[in-house]
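Values below: every heavy atom of this structure, side chains too, minus hydrogens, waters and symmetry copies. Numbered from 1 within each chain, the chains take letters A, B, ... in sequence-line order.
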There are 2 protein chains.
Amino acid sequence: MRQRIFAHELQPGGWIDEQALALEYGISRTPLREALKVLASEGLVVLKPRRGCYVTELSEQDIDEVFPVMALLEGRVAEEAARRITSADFARLEVIHADLEKHAAANNADRFFEVNQRFHNALQDIAGNRYLAQLIDDARQVIKLTRRDSLRLEGRLKQSLAEHRDILEALRQKDPAKARRSMHDHLISGRTALARLAGSN
Amino acid sequence: MRQRIFAHELQPGGWIDEQALALEYGISRTPLREALKVLASEGLVVLKPRRGCYVTELSEQDIDEVFPVMALLEGRVAEEAARRITSADFARLEVIHADLEKHAAANNADRFFEVNQRFHNALQDIAGNRYLAQLIDDARQVIKLTRRDSLRLEGRLKQSLAEHRDILEALRQKDPAKARRSMHDHLISGRTALARLAGSN
DNA sequence: TCCCATGATACTGCATCCATAATTATGAAT
DNA sequence: ATTCATAATTATGGATGCAGTATCATGGGA
C-alpha cells in the first residue's frame, strides 16, 4: 500500500475504499484496518472518525515544516558520521557515490533516487543512532508523498551530485561541523528544487 | 493505556494480555488490538509476531540515542521561538514559569513535571512548526517510559529552574542561537540527572 | 537424573457478522 | 423548479467465532 501511495496510484486527498482494497488483497477488512492505523501513525493517511480513511495531502506549509526538520536531522547524522567514520565505511560510501555518478550521467532519475536513498541510509548506519535514523525514515516517507520529480529538473542531478561531493569531502576530512552544514544545505537545496517545480506548474 | 504504561502499572518488558485488558475496558479484542498498533508505532509497545505485545523496555543505549535527538529538536524549537516570540507570548511563558517556581519551592516534583511540560508545549506553539512539535511529543512519550524521578534528585528542581531562566532570558533578548544552546543544554542536563539516578541504583 | 519428544492448552491473527451513523436518493410541498 | 424532509443504502466501528501456531507440561527414553 505504501508503494501505491507513493506512486500516487492512491491519489493524495483521495478516499480509501476499505472493502475494495480488502477484496483486492484477498484479505478481510480487519487486518486492512490495522494496516491503515499504522499508515496513519506514519502520517501517510489520515483517519477521519466515522468518515473513513484518506490519503494524506501535504500542503506547502506542511512541506515547509518537514524539510527544515529533515535537514536538521540529516545534518546531525552527517555530523555524527564524520566523527565515527572509518576508512572501510568511507570506501563503501565511495562505491555508492560512484553509482550515483553513473546514474546521473545516464540521466536516470529513478535509479538516482534509489541509490541516493542508499547513500543516506549508509550514512545513518555509520552515525549509529537508530532512533535518529527512524525519525529520518519516517520524514522521508512523508516527503515522498509529494511528487519526487524534482530530480528531473534541469541540472538538479548534477547539483545534487556536487552537494554529495561536499559531504564526502567533509567526511574524508572527518570534519563534523562541515559535514553537518553540507548535509543541511543539501536538504534545503532539495526543498528549493521542489519549490521551483511547484512554481512552474 | 498510555497512563498505565507511564505509571509502570504495565511494567516495561511485560507482556500485555489482550483479552484481560479488553475485558477490563469492556470492549472486544478488535479495537484493543488497533490501539496496540497505534501504541506500537509510537514506540510505547513492541509487537512480536505470533508472540503478542510487550511494553517497550528502554536500554541505556536507547536513552543515549533518544536524548541527543530530543535536545536537538527542542533546541530547534527554542531557536525558532526566539525568532517569532511576541511580548504577549513572553508574558504567557512567564506566568507558566512563575508556576514552576511555586512548585519547585513546594518541592512538588509531580506538579513541576506537569507544568514543565506545559512550558515546553507553549514554546512549541510559539515556534509554530507542528511537525517538529509532534516529533518532540513522541520522543517525550518514549522518554517517559523510564522513571521520571530524576526531578526528585537533590537540587535537580532548582537546577532545572535555573536552566529555564536561561532560556527565558534568551527569549527575552530574542537571541535564537542562545535560546537553542540553553534549551539543548537543558535537555542534556536532564539526561545527566537521569544517569546519576541510574548510577545510584 | 536429565533431555527430548509429543500432546494439551492458550493466545494470536483473521474472517464474518451486526449495529450505528453518515450519505445519498427520492418524494412532497412551496 | 427548487428546497427540505424522510427513507434507503452504504460504510464505518465493534463483537464474535475459528484456525493456526507458540508455549508449556507431561511422559518416555537415554
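Between Ala22(A) and Leu32(A) the shortest heavy-atom distance is N-CD1, 3.9 Å.
If you measure from atom NZ of Lys48(A) to atom P of dT23(C), you get 11 Å, rounded to the nearest angstrom. Between the CD1 atom of Ile27(A) and the C1' atom of dG13(C) there is a distance of 12 Å, rounded to whole Å. In this entry the distance linking CD of Gln19(A) with P of dT16(C) reads 13 Å, nearest Å. Between the CG atom of Leu23(B) and the P atom of dA15(D) there is a distance of 12 Å, rounded to whole Å. Distance, Leu36(A) CG to dG14(D) P: 14 Å, rounded to whole Å. Per the geometry, CD1 belonging to Ile16(A) stands 12 Å off P belonging to dG13(D), to the nearest Å. Rounded to an integer number of Å, the gap from Lys37(B) NZ to dG13(C) C1' is 8 Å. Rounding to whole angstrom units, CG of residue Leu47(A) and C1' of dG13(D) are separated by 12 Å.
The pair Arg118(A)-Glu114(A) does not count as a salt bridge, with every side-chain nitrogen at least 4.0 angstrom from each carboxylate oxygen. One finds a salt bridge joining Asp62(A) and Arg130(B) here, because a Lys/Arg side-chain nitrogen approaches an Asp/Glu carboxylate oxygen to under 4.0 Å.
For Gln3(B), the CD atom sits in a loose shell: 12 or fewer heavy atoms of surrounding residues, nucleotides or ligands are nearer than 6.0 Å. With a 6.0 Å radius and a threshold of 12 heavy atoms from other residues, nucleotides or ligands, Arg191(B) has its CZ atom above the threshold.
Arg29(A) contributes a side-chain N or O that forms a donor-acceptor pair with the base of dG13(D) under 3.5 Å.
Of the two residues contacting DNA chain C, namely Pro31(A) and Trp15(B), the nearest-nucleotide position lying further toward the 5' end is that of Trp15(B). Heavy-atom nearest nucleotides on DNA chain D were determined for Arg51(B) and for Gly52(A), and the one closer to the 5' end corresponds to Gly52(A).
Among the nucleotides dT12(D), dA15(C), dT12(C), the one closest to any side-chain atom of Glu18(A) is dT12(D). Residue Arg33(A) has its side chain nearest to dG13(D) when only dT12(C), dG13(D), dT16(C) are considered. For Thr30(B), taking side-chain heavy atoms from C-beta onward, the closest of the listed nucleotides dA15(C), dG13(D), dG17(D) is dA15(C). When distances are taken from the side chain of Arg50(A) to each of dC14(C), dA11(D), dT12(D), the shortest belongs to dT12(D).
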